[in-house]
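Protein chains get the first letters and strands the later ones, always in sequence-line order, with residue 1 at the start of each.
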Amino acid sequence: MFDLLPHILNGLTLGLLFALIALGFMLIVGLMEQINLAHGSLFALGAYFAMQLMGPRPPFPADLAQSWLALPLGWRYAATLILAPAAVGVVGIAIEFCMRRTYGKDPLYGLLLTFGAAMVIEEMIRLTWGTRDYVLQVPQAVNGGFIFGDLIWSTYRFYAAGIAVAVIGLVWLLIEKTSFGATVKAGAHDSEIVRALGINLTRLRLLVFVFGTMLAAIAGIIVAPIWGIRPHMGVDAVIPAFLVIVLGGVGSFWGAVVAGLLVGLAVGLSGAYASEWSLLSMYVLLVAVVTFRARGLWGKKSVLEA
Amino acid sequence: MILQVEAVDTFYGETQALFGASLSVERGKVFALLGPNGAGKTTMLRSILGLTRPRRGAVRFDGREVTHSPTHEIARGGIGWVPDDRRLCPTLSVARNLGIAQKRTKFRSWTVKEACEIFSPLEYLMERECENLSGGEMQMVAIARALVGSPGLILFDEPSQGLAPKIVGDVLATIRRLRNEGVASLVVEQNAEIALSVADQAAVIDRGRIAWNGDAATLRDDRGLRQRLLGVH
Ligand SMILES: Nc1ncnc2c1ncn2[C@@H]1O[C@H](COP(=O)(O)OP(=O)(O)OP(=O)(O)O)[C@@H](O)[C@H]1O
Ligand SMILES: [Mg+2]
């Protein structure tokens, strides 16, 4: 039993990251009433951008690149945690501009458009970086492991869980405790009334889309050292995120967090017994949940009816 | 004139709901738009706000043409809206529903506190979620929400609908009080008696066309005319 603990920790860490991806995804579904299938690709893009920034050939002009490489690893990493999501945010802006015409229309248009965008991003990733796996360099302080109670624990898992908790906490503050969050909720509930109150819904939607995109990118950067960086990682992330939203119910913050932890635990524990099966377990869970309990664990409205 | 609607034709898809409808509201005055179910009263308000855009005709607010302006800019010009079904955000508290509606315009500003003084019970409901309010309380919040947007004109869609007589009295008193403060109202009603009791000007709309337009007092005093236009009372 005791040797299951590291797997449980792994599961919980993954679960928090799934919840983070799901929250961005959910904010977008709520306000745009469109499912963003490119969300996973933006998550992957976050990891690739970070890898490029942390690698030996940063995407800067030569002299700037030299001073960048001269910085200590920890500084570069901290800056990357901001720069890479910001760059992915710019890609998010481009997608949102294309997506605008689908708002208020049949969700099928948005699905097709974002599916297309996902394919474009994934192919661009293959063209730019090829199909091989990359690793993301991280500072020594969060790398390695330690022994506690006869078990080897990975420091990075604790760090990843900590970052995820901190970002989820910030999202919670923003959504629940600020006027901006209240406007987003009101807009998700009734877009006409917020416009009639004088709120620029077009701008609000762009902001929320970019915010959701950046959450995905941060999750991608944090997951990268755990999963490795490969073109398919976007799909591997969007499936659990989708599962988390179906389970937790669309529009429910704590639903997403609890469902994220449950899905993460399922993946972590199946990984303990048969690691090749751990990703497959998510897909099986998704099919099972949509078949038997599409209204989610709390019986709220399903994302599928959004 | 604070609002001028000039010969608007408004459609839902291919169905025409307004046929060359015109009306004008004077600054700081109350205008009653009367008509039976399905006459096009709500459509008139949606046309003014640009939520359902008129295909032809023009809307001018405060001397500026707003026919093609985005809805949020029309609202920012100083138009408030109290929809017939209130449309509060059910999961947000009263305070939040009011907070997101606060804005400044060239018209008199109202703070949340001032808006609540009009309806004293609101003060005790600030932290209540809107889904747990009674119908009358929701109407009060909806009116206060329009007020904190600092409007020069408020569009009331059937403000008496589904409310107890006492609350209807409160709503009418509020419309009178706003008039004293210089805020104009366009009150859309099926219940002519209620609307005419506060209105300066009135119009009757029937199947998308303005059938009559004039002083509210005329309609109030002339039973025969009222009967002919509205078929009741
Ligand atoms: N969303 C819509 N789609 C299609 N037709 C509509 C829509 N809304 C209203 N209509 C039609 O437009 C006409 C005018 O409707 P409107 O809602 O403006 O009437 P109203 O005077 O407000 O009536 P009520 O007293 O029932 O609120 C009606 O014939 C109605 O069926
Ligand atoms: Mg109506």
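Of the charged side-chain nitrogens involved, none lies within less than 4.0 Å of a carboxylate oxygen, so that B:E189 and B:K41 do not count as a salt-bridged pair. Under a 4.0 Å N-O distance rule, the pair A:E192/B:R87 qualifies as a salt bridge. A salt bridge links B:E114 with B:R108: the distance from a Lys NZ or Arg NE/NH1/NH2 to an Asp or Glu carboxylate oxygen falls below 4.0 Å.
For chain B, no part of A:S191 is nearby; none of its heavy atoms comes within less than 4.5 Å. Only the backbone of B:L88 comes within less than 4.5 Å of a heavy atom of chain A; no side-chain atom from C-beta onward does. Contact annotation for A:D190: only side-chain heavy atoms (C-beta onward) come within less than 4.5 Å of a heavy atom of chain B. Only the side chain of B:P83 comes within less than 4.5 Å of a heavy atom of chain A; its backbone N, CA, C and O stay farther away.
Your options are B:R46, B:K103, B:Q102, B:E73, and the one with the most heavy-atom pairs under 4.5 Å with chain A is B:R46.
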side-chain contact (heavy atoms from CB on, under 4.5 Å) between A:L23 and A:W172, worked out: CA-CA 10 Å; A:L23 284 173; A:W172 182 80; over 6 Å; no

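A:R100 CZ: more than 12 foreign heavy atoms inside a 6.0 Å radius. The number of heavy-atom neighbours closer than 6.0 Å to CZ of A:R101, taken from other residues, nucleotides and ligands shown, is 12 or below.
Within the 4.5 Å cutoff, the side chain of B:R64 has heavy atoms near those of the B:V66 side chain.
Residues of residues 10-23 of chain B lying under 4.5 angstrom from chain A, judged on non-hydrogen atoms, do not exist here.
In this structure, B:L92 and A:A186 approach most closely via the heavy-atom pair CD1-CB, 4.2 Å.
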